[in-house]
Amino acid sequence: MSKGEPHNNNYKKMGERRRANASRGDKKVANGEKPHVGQWGRAWEVDYFSLAAVLFLLAFAPLIVYYFVMSCDQYQCALTAPVLDLYWGKAQLSDIWDKTPALTWGAAKIYIVWVSFQVFLYMLVPDILHKFVPGYEGGVQEGARTPAGLINKYQVNGLQAWTITHLLWFANAYHFHWFSPTIIIDNWVPLLWCANLLGYSVATFALLKAYFFPTNAHDCKFTGNFFYDYMMGIEFNPRIGKWFDFKLFFNGRPGIVAWTLINLSYAAKQQELYGQVTNSMILVNVLQAIYVVDFFWNESWYLKTIDICHDHFGWYLGWGDCVWLPYLYTLQGLYLVYNPVELSTATAVGVLLLGLIGYYIFRMTNHQKDLFRRTNGNCKIWGKKPKSIECSYTSADGKRHYSKLMISGFWGVARHLNYTGDLMGSLAYCLACGFDHLLPYFYFTYMTILLVHRCIRDEHRCSSKYGKDWKLYTDAVPYRLLPGLF
């Protein structure tokens, strides 16, 4: 017997006890059947394929991020160049590592100030924009019902935090000159080590918190497998105090607020190096800024999405939001710093139109769903009263709830047409970079895999949640992303 087995068995026993405690509150429903506990959210049990995927991501996701950043820093963003150098003996791993900038106190200070400032804006600056900006829903908002039957309240002030942050950024760039606008890219690799430290620290804290002081024990899921629990999370909505919600903060801040600042830093670096900002860099900045601002404008709507409604908080979200998102979602701008591309007018217009049309489909699809939910179907979609399928589900507290699945508008064309629009926008970001290198297209490839997987994952949950009602829905809307194809 190996040294690790007794510890693993103890961990499994702890998980079994936790699962038993979490399910003690089950009650009989009206028809005498016991409700299925935790019928949405992540799995209670772990199959071998899921465990293999978790181990793969834990082992290689950090290396993938490092490889992409290193390829740009040392090889002008040529993805195959490091591998070829190693293969032909032109370089050794130690050579590449020696050229990699180390963690610096300067970068650590920048990162600590950045995260602390975002915590300050999140916790101590209540939203006022919703009081005078028409159509914007900020302030205290309710989330969706959790598997345990709870409805959490959130302080929605992301748009305000983004606005304050960017006003200060531009004030510095054009007036105060406290720091260089290129400060982010100038410290890009040292900041990577800082982001990793925060990501791993948050994920580890979330795991320990779930065992020793969970926010709500009935919204915890323990599989008994350490690696799966660490990555996918145990707690559904871990919080510190009443308002610091881990999922809402780390999903939006600091990563997504930083997204547009990172792109601005790339543009400033391009200006510094070449004396101009190319139209491709402007396109990437504009199209991705539209997406970011849309996210914060609709932050209250985001409370009803899969990230908040289904995912538990673990390494997948904690490390992913701190490292994967800011470093890999901004690859197009980073690429254009090392490989400036000036597009023809026709090409630039085509890329812009693709991005805007994709955004329109993405936003209008989500708007239709939100309008349908807010009005309980008493509205008009494409000039008509929307059709829907009535469905029901049982939460972990044994209560029966009722809902409707819309089959009109964009939701009658495909079950996830919002993802189709998202992918069109993702492709536009990549096309702005031309076709000389593979690196910019990683984002589109990754988003395709992510959203197709999310389709399947979401539909598996919905099938478990709604049962035969979900079958009626899929019969009415047979395609997921592309009508007639998929």
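Residues: numbered from 1 along the sequence shown.
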Checklist outcome for this item: Nearest heavy-atom contact between Val69 and Val189 is CG1-CG2, 3.7 Å
Next on the checklist: Between Tyr302 and Phe295, is the ring-ring contact (aromatic ring centres under 6.0 Å, His included) condition met? List the steps.
Outcome noted: CA-CA 8 Å; Tyr302 179 69; Phe295 172 87; 4.8 Å; yes
Item to check | Ring geometry between Phe362 and Trp301 (parallel below 30°, tilted from 30 to 60°, perpendicular above 60°) | outcome: perpendicular
Next on the checklist: Pair Phe244, Tyr122 - check ring-ring contact (aromatic ring centres under 6.0 Å, His included), show working.
Outcome noted: CA-CA 8 Å; Phe244 190 87; Tyr122 178 64; 5.6 Å; yes
Item to check | Ile456, CD1 atom: more than 12 neighbouring heavy atoms under 6.0 Å | outcome: yes
Checklist entry - Do Thr165 and Phe117 come within less than 4.5 Å of each other through their side chains, counting heavy atoms only? => result yes
Item to check | Pairwise side-chain contact, His437 with Asn339, heavy-atom cut-off 4.5 Å (strictly under) | outcome: yes
Checklist entry - How far apart are the C-alpha atoms of Trp411 and Gln368, what are their side-chain angles, what is the distance that settles it, and do they pass the side chain to side chain donor-acceptor pair (under 3.5 Å) test? => result CA-CA 8 Å; Trp411 295 95; Gln368 288 179 357; 4.6 Å; no
Item to check | Heavy-atom check, side chain of Leu159 versus side chain of Glu299, under 4.5 Å | outcome: no
Item to check | CA sep, side-chain torsions, deciding dist, call: Asp294, Asn298, side chain to side chain donor-acceptor pair (under 3.5 Å) | outcome: CA-CA 6 Å; Asp294 176 89; Asn298 295 283; 3.2 Å; yes
Next on the checklist: Regarding Glu342 and Gln276, do their side chains bring together a donor and an acceptor under 3.5 Å, going by distance alone?
Outcome noted: no
Next on the checklist: Run the ring pair (Phe, Tyr, Trp, His ring centres under 6.0 Å) test against Trp114 and tell me which residues pass, sequence neighbours left out.
Outcome noted: none
Checklist entry - What's the spacing between Ile183 CD1 and Ser265 OG if we round to 0.5 Å? => result 8.5 Å
